[in-house]
Structure formats: structure tokens, C-alpha cells
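Proteins come first, then strands; the chains are lettered A, B, ... in the order of their sequence lines, and each starts at number 1.
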Amino acid sequence: MEIVVLIKPIPEAESRLRATPDGRGLEPEGVKFVLAGYDESAVEQALLLKESLPGSRVHAVSFGPARCEETLRAAIALGADRATWVEGPPEGSDDPVLAARALAAALQTVPHDLVLGGKQAGDDEEGIVPGAVAELLGIPSFGYVTDLRSSGPSGLTFLRPTEAGVERWEAPLPCVVGLQQAWNDPRSAKLPNILKSRKAPILKVDWPTTSKALALEAKPRSIGEKFELPAPRTGAKMIEFKTPEEAAEKLVRLLREEAKVFP
Amino acid sequence: MPDFSLTAEQESLRDAARKFARTEMAPKAAECDKSARFPEEIYRKAWELGLMNLNVPTEYGGSGLGALEQCLIVEELAYACGGMTTSIIANCLALEPILLGGTAEQKSRWLNPFCAEYHLASFCLTEPGGGSDAAGLQTRARKDGDGYVLSGEKCFITNGPHASLFTVFATLDPSLRSKGIAAFIVPGDAPGIVRGKDEDKMGHRASSTSTIRFEGVRIPGAQRLGGEQDGFSIAMRTLDQTRTPIGALATGIAQAALDHSARYSLERKSFGKVIAEHQAIQIKLANMAQAVHAARLLTWHAAWSIDHGHPGTLESSIAKCFASDAALRVADEAIQIFGGYGYMRDYPVEKLMRDAKLTQIYEGSNEIQRIVTARELLRQYG
Ligand SMILES: Cc1cc2nc3c(=O)[nH]c(=O)nc-3n(C[C@H](O)[C@H](O)[C@H](O)COP(=O)(O)OP(=O)(O)OC[C@H]3O[C@@H](n4cnc5c(N)ncnc54)[C@H](O)[C@@H]3O)c2cc1C
């Protein structure tokens with residue numbers, strides 16, 4: 001099976017984030033971008049499928065600025081066979097539809113029986129790219145997926161945990177699947193594979209090629225207006241109590257009189 | 001000008017070690033410290049990821065890293081738990097004599113199968129009668145046909161209760177001191193090996209340490225490393241390689257103490273303000289930061305010297321000694337900054353002080369490091 005996995009570099013969880021001076025975006029300086037969250041689970045899923053289907057290959061694809069290269073190398077260190085960087089516009093872009101169009105254009109020349117991604121990116125959590133890529137490729141798309149397995153040469157089974165229960169699905173290939181996070185305990189890369197990944201080739205589709213293919217002006221169609229950090233949280237209030245009844249009574253009084261959440 | 005920036009490769013190795021340290025080691029550090037549990041599941045996972053046989057070339061199944069890369073990794077591991085790190089890097093110490101003194105045949109015979117699976121090895125130099133005076137060791141190697149018979153006792157042997165391979169230093173003639181010592185490869189299941197009980201230690205309690213007694217252990221001649229007089233030199237050259245990572249281990253402990261202290265000083269209030277606003281605390285933090293920074297740079301420099309083909313004896317001695325002294329001082333100040341809470345086992349800093357202490361003692365005590373430093377220094381003048 002030819003498995004493509006779409007990945008996006010996102011800020012490391014411990015990063016200290018700041019807004020750019022114009023307040024319209026995230027200041028990338030000093031932030032470490034990594035393969036993490038839903039995408040890490042997607043790579044793990046791709047590798048599990050590859051291991052269960054001999055002869056399969058995993059091709060990691062990332063759209064955006066030069067930092068994509070590090071994320072692709074992380075995927076190679078984990079076990080991806082090939083990697084393609086689809087270069088974004090020089091001024092940067094947060095436009096998910098542009099990302100989907102560029103990725104779908106690149107996938108015209110990349111064999112794909114199955115396209116995996118996180119159900120959403122771990123940073124902006126928009127969740128638009130997988131569905132939009134499927135639409136542009138004219139193939140079905142499924143989101144919120146866990147436990148994906150092959151069911152023969154042309155199909156898949158998977159689960160979709162929803163608030164009402166767990167759905168069991170069968171789907172035809174090719175299709176696009178957006179995966180849930182952390183249900184499959186993503187593996188870590190081994191040091192010798194990290195060293196090998198540094199020397200692996202990364203295919204590049206440059207921005208002029210993409211913009212020509214899409215007949216695009218180099219202009220994203222959505223731009224950030226204002227980027228700010230949430231207000232710092234104020235301290236929690238600890239309730240002192242001796243019995244559960246006393247705790248409940250004090251809590252209800254606080255909710256009613258101070259927080260005013262109900263009359 | 002020297003260049004202090006790390007390559008992308010070095011950064012990705014460090015990141016991998018950091019991830020392992022923070023997700024696998026740190027959550028279990030306090031529990032293993034309290035109960036003196038040897039967390040085999042963590043050591044197995046470290047082996048799987050290639051964090052264990054860092055210095056063994058890839059052709060024998062190791063990770064084949066240079067000294068600087070080893071230091072970057074060891075500092076990250078020690079940041080999470082000094083004791084686990086001691087057990088994880090003990091293989092590097094135990095296998096280095098084979099790398100330095102082994103023939104091509106010995107290396108592939110002993111290293112390949114060893115590295116192909118999870119195994120622990122121990123370096124057996126120290127004896128109950130003395131560690132610093134290694135030339136005076138008393139474990140005997142007696143010639144027996146084409147081989148040798150070992151008898152004697154080693155003590156404080158890291159991973160001793162679990163090792164499946166030992167590198168052992170023994171004397172053919174104690175009166176010859178350093179010239180009488182030979183080095184041997186001894187499989188863990190050789191008849192006559194008696195392992196002592198796991199020692200109850202002040203720190204590094206996730207590591208295990210025991211005596212190893214050799215009661216007439218027969219070793220074929222093919223398991224001797226180098227010539228009959230080469231053992232002492234192999235031991236000293238081994239320590240020249242492994243001292244620098246101990247500097248990195250100490251630096252990791254010190255960095256953890258500094259991070260805990262800086263964070264706590266921004267939360268804890270006294271006299272109506274956070275204690276970080278008291279100048280006395282700021283000066284402590286500044287001194288701690290200076291010590292951590294200097295420890296790291298000395299360690300990096302020693303590693304750089306070794307990676308550039310220098311023996312590194314002087315540099316690694318200075319780095320190990322300085323970094324371990326710094327670690328104890330910084331951990332001590334961390335407890336002071338935490339006040340009474342620092343003295344409590346529920347807070348993380350008193351463990352750092354207990355763990356830091358060992359780095360002044362093992363792999364050559366700091367008194368011995370100062371002797372080495374002075375000797376190397378005076379040689380340049382004499
Ligand atoms: C937890 C732990 C793990 C260890 N792991 C290993 C291991 O895996 N393998 C191994 O072989 N060893 C190991 N050791 C042993 C360690 O390397 C020795 O403890 C150390 O070398 C000191 O030897 P000693 O304890 O016999 O002290 P001694 O040599 O008896 O020294 C006692 C004191 O005198 C000082 N001193 C000695 N000689 C001089 C001198 N000439 N001038 C000035 N001061 C001097 C020393 O610095 C020390 O302060 C370990 C030790 C510990 C505690």
C-alpha cells in the first residue's frame with residue numbers, strides 16, 4: 001500500500017509563544033517546531049499499517065516554510081521511507097485552503113492509496129486540510145479516526161469514537177483519514193535512525209512550481225487579524241471542608257454568589 | 001574562534017534524549033529513589049532507542065557517537081534522574097576496555113551478541129581494600145594452562161547484580177603494581193562468580209551496586225585484553241574516555257537544581273514579595289547559573305578535545321572535578337532556596353544533592369582528579 005502522511009511542524013508544547021511585532025501572527029524566532037500531537041499519531045498509524053502490509057511504503061509530505069524539513073526528518077527517523085517538502089509562499093501563510101490546494105497538487109505525482117493526517121493540526125486546530133485535500137482529489141474523507149486497519153487490497157476498517165459511542169466503519173481506498181491523537185502511543189526514534197535521517201534525501205516542490213500549477217497569485221486568501229496570548233489565569237480558590245456536605249454547600253454558595261453562574 | 005553552536009544532528013540527538021528523559025525517566029525518578037527500585041523497564045527502553053551503548057561503534061551494534069554527542073545525551077538523562085543515568089551509561093564504562101584493548105576478533109566475538117539484545121555489563125576495578133590506588137589492586141590472576149584463574153573481590157560495582165558481562169582488572173604479580181595488572185573479559189555466567197547484595201545507597205538509588213567475588217573463575221587466554229602488563233593502562237585510558245560524560249551527568253543534575261530553584265523563587269513569597277525579588281536569592285541564582293554554565297562549557301571542551309584526537313586526560317579531569325563540585329554546590333543552594341520544603345523528601349531538590357555527591361567520588365575521586373590535574377599541569381613546566 002502506498003501511504004502518504006501529511007504532517008505540519010507545530011510549536012513544541014513547552015515553547016514560550018509571542019506575537020509578531022505587528023500582532024498578526026506567531027513570532028517564529030526562538031520557537032522550536034516539532035512533529036507532535038495528532039500528526040505524530042498519524043505517522044505512527046502509517047508505520048503500523050506498513051508493518052502489517054509487507055511491501056507498503058510511507059511517504060511523508062509537509063507544506064510550509066523551510067522548518068518543514070526538520071519535521072520530515074523526524075518522520076524519516078521514525079520509519080517513513082520518503083519525504084517531500086511542498087514549499088509555501090515566501091511571506092508565509094496560515095491559509096488552510098492554500099495548504100490543501102498545494103498538497104493536492106503535489107499528490108498528483110505521488111502515488112497514494114491512502115492519505116493520512118492528524119484530524120487537525122496541534123497548533124491552530126482548524127481541521128480543514130484533510131477534508132479539503134480529499135475534496136480536491138475527489139476521494140472520500142473521514143475524521144476523528146482511531147484503530148485503522150487494512151481489510152484487504154482495497155479497503156480499510158476503523159473506529160470513530162463519538163459522544164454517542166464508538167462507530168465501526170469500513171471504507172474504500174483511496175481515501176483521506178484524519179486521526180485522533182495519542183491513542184496509539186507513538187514510538188520514539190532510535191538514535192541510529194536519527195543519524196541516518198540526517199542524510200536522507202528530501203524531495204522538494206518549490207513555490208513557483210506550486211503557484212504556477214494552481215494559477216495562484218502568491219497571496220493567501222485568509223490572513224491573521226490579531227494574535228494575542230490569553231489573559232493569565234488567576235489563582236484557584238481552595239475550599240476548606242470537613243464533610244462532603246459542607247464542601248458541596250460552600251461550593252454552591254460560591255457559584256451562586258461570587259461566580260453568579262446560576263441565580 | 002571556537003564555534004559553540006550544535007549541528008542539526010547533535011540537536012536532534014539531544015532532543016531524543018530529552019524526550020526519553022522527561023517522558024520515561026522523570027515520572028518514575030522519585031518512586032525509584034524512595035524504594036531503591038532498579039527500573040529494568042526503563043533500561044530496556046533506553047537500550048531499544050540506542051541510548052545505552054553510546055560509545056560502541058555501529059558495526060558492533062552500538063550507537064557509535066562521539067564524546068560531545070555522548071555528553072549532550074548524558075546531561076539530558078541526568079536532568080531527569082542521576083541514578084538511572086548511572087545505570088544506563090555503565091555499559092559505556094564496562095565496554096570501553098574492549099574497544100581500547102580488544103583485537104578485531106575479540107570485539108566482534110563479544111560486542112556483537114552483547115549489543116544485539118538488552119544486556120548490562122559492569123566495569124570491575126575497585127576493591128574493598130582501595131579504589132583510588134588502582135595499581136595496588138589485589139584480585140589475583142593465576143596462569144593455568146593456556147588461560148587464567150581469577151580470585152578476589154571487587155566492590156561498588158554498578159549494575160553488578162544484573163550484569164551479563166564483566167571487564168575485570170586483576171594482577172599476575174602484586175609486587176609489580178601497575179605493571180602486573182591484566183584486563184579480562186568475563187561472562188556473567190562463568191562458574192565461581194558470586195554477586196553480593198544490592199548496596200543501600202545515599203543517592204543514585206535507581207541504580208544497583210554490589211560486590212562481585214571471583215572464586216577461582218577460569219578464563220581462557222583468548223579473553224585477556226591486550227598483553228599481560230596492559231591492564232592498568234587500559235583502565236586509565238578507559239577512565240580518560242568516561243570521565244567527561246560524568247561531567248555531563250553532574251551538569252544535568254546542576255541544571256535541574258537551578259531550574260527548580262528559579263521557578264520556586266518566582267512563586268514563593270516572603271515579606272510581601274516573591275523571594276526572587278530578594279537580592280540575596282538573586283545572588284544565589286546568579287552563582288548557580290555561573291557554575292552550571294562553566295561546568296557545561298568545561299565538559300564540552302573536554303569532549304571536543306577527545307573528539308579531536310587528544311588524550312583529554314587534563315581536560316576531562318578538570319571538567320569532571322569542576323562539574324561535580326558545582327553540582328553539589330548548586331544542589332545545596334537549591335535546598336537553601338526551598339527552605340524547609342527543600343529538606344523534605346516530597347520536594348525534588350534534596351535528591352539532587354544526594355545524587356550530586358556521588359559524582360565527586362566515583363570514576364576517580366575529586367582528590368585524585370586534582371592530583372591528575374596538578375601532575376599534567378606541572379609536566380608542562382618541568
Ligand atoms: C555508587 C558507586 C558506584 C560505583 N561504580 C563503580 C564501578 O562500576 N566500577 C568500579 O570499579 N568502581 C565503582 N565505584 C568505586 C569508585 O570509583 C571508588 O569508590 C572511588 O574510586 C574511590 O575509591 P574508594 O572508595 O576505595 O576510596 P579510597 O581510595 O579509599 O579513598 C578514600 C578517600 O581518600 C582520598 N584519597 C585516596 N588517595 C588519595 C591521595 N593519594 N591523595 C589524596 N587523597 C586521596 C580519596 O579521594 C577519598 O576521599 C563506585 C562507587 C560508588 C559509590
Greater than 12 external heavy atoms within 6.0 Å of [X]'s [atom1]:
| X | atom1 | answer |
| --- | --- | --- |
| A:Lys50 | NZ | yes |
| A:Arg149 | CZ | no |
| A:Phe227 | CZ | yes |
| B:His293 | NE2 | no |
| A:Glu240 | CD | no |

Does the salt bridge (Lys or Arg N to Asp or Glu O under 4.0 Å) test come out yes or no for B:Arg18 and A:Glu12, once each step is laid out?
CA-CA 13 Å; B:Arg18 178 173 298 178; A:Glu12 198 174 37; 5.6 Å; no
Can you list every pair that meets salt bridge (Lys or Arg N to Asp or Glu O under 4.0 Å) and has a residue in residues 247-271 of chain B, with sequence neighbours left out?
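Passing the test, one end in residues 247-271 of chain B: no pairs.
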From CA spacing to verdict: salt bridge (Lys or Arg N to Asp or Glu O under 4.0 Å), A:Glu40, B:Lys19
CA-CA 14 Å; A:Glu40 202 181 12; B:Lys19 186 171 171 195; 2.9 Å; yes
Is there side-chain contact between B:Ser12 and A:Arg73, with heavy atoms separated by less than 4.5 Å?
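Side chain of B:Ser12 against side chain of A:Arg73, heavy atoms only: no contact under 4.5 Å found.
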Could you grab the distance from atom CD1 of A:Ile194 to atom CD of B:Glu11, nearest 0.5 Å is fine?
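Spacing of CD1 (A:Ile194) from CD (B:Glu11) equals 12.5 Å.
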Short N-O contact, B:Glu9 and A:Lys196, less than 4.0 angstrom
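A:Lys196 and B:Glu9: not salt-bridged.
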Show, in sequence, the C-alpha distance, side-chain angles and deciding distance for A:Val34 and B:Asp15, and conclude whether the side-chain contact (heavy atoms from CB on, under 4.5 Å) test is met.
CA-CA 10 Å; A:Val34 294; B:Asp15 291 350; 5.9 Å; no
For residues 47-67 of chain B, give me every residue with a non-hydrogen atom less than 4.5 Å from any non-hydrogen atom of chain A.
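If one takes a 4.5 Å heavy-atom cut-off, the residues of residues 47-67 of chain B near chain A are B:Glu48, B:Leu49, B:Gly50, B:Leu51, B:Leu54, B:Ser63, B:Leu65.
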Can you tell me which portion of A:Glu70 sits under 4.5 Å from chain B's heavy atoms? Options are side chain, backbone, both or neither.
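Contact with chain B involves the side chain of A:Glu70 alone.
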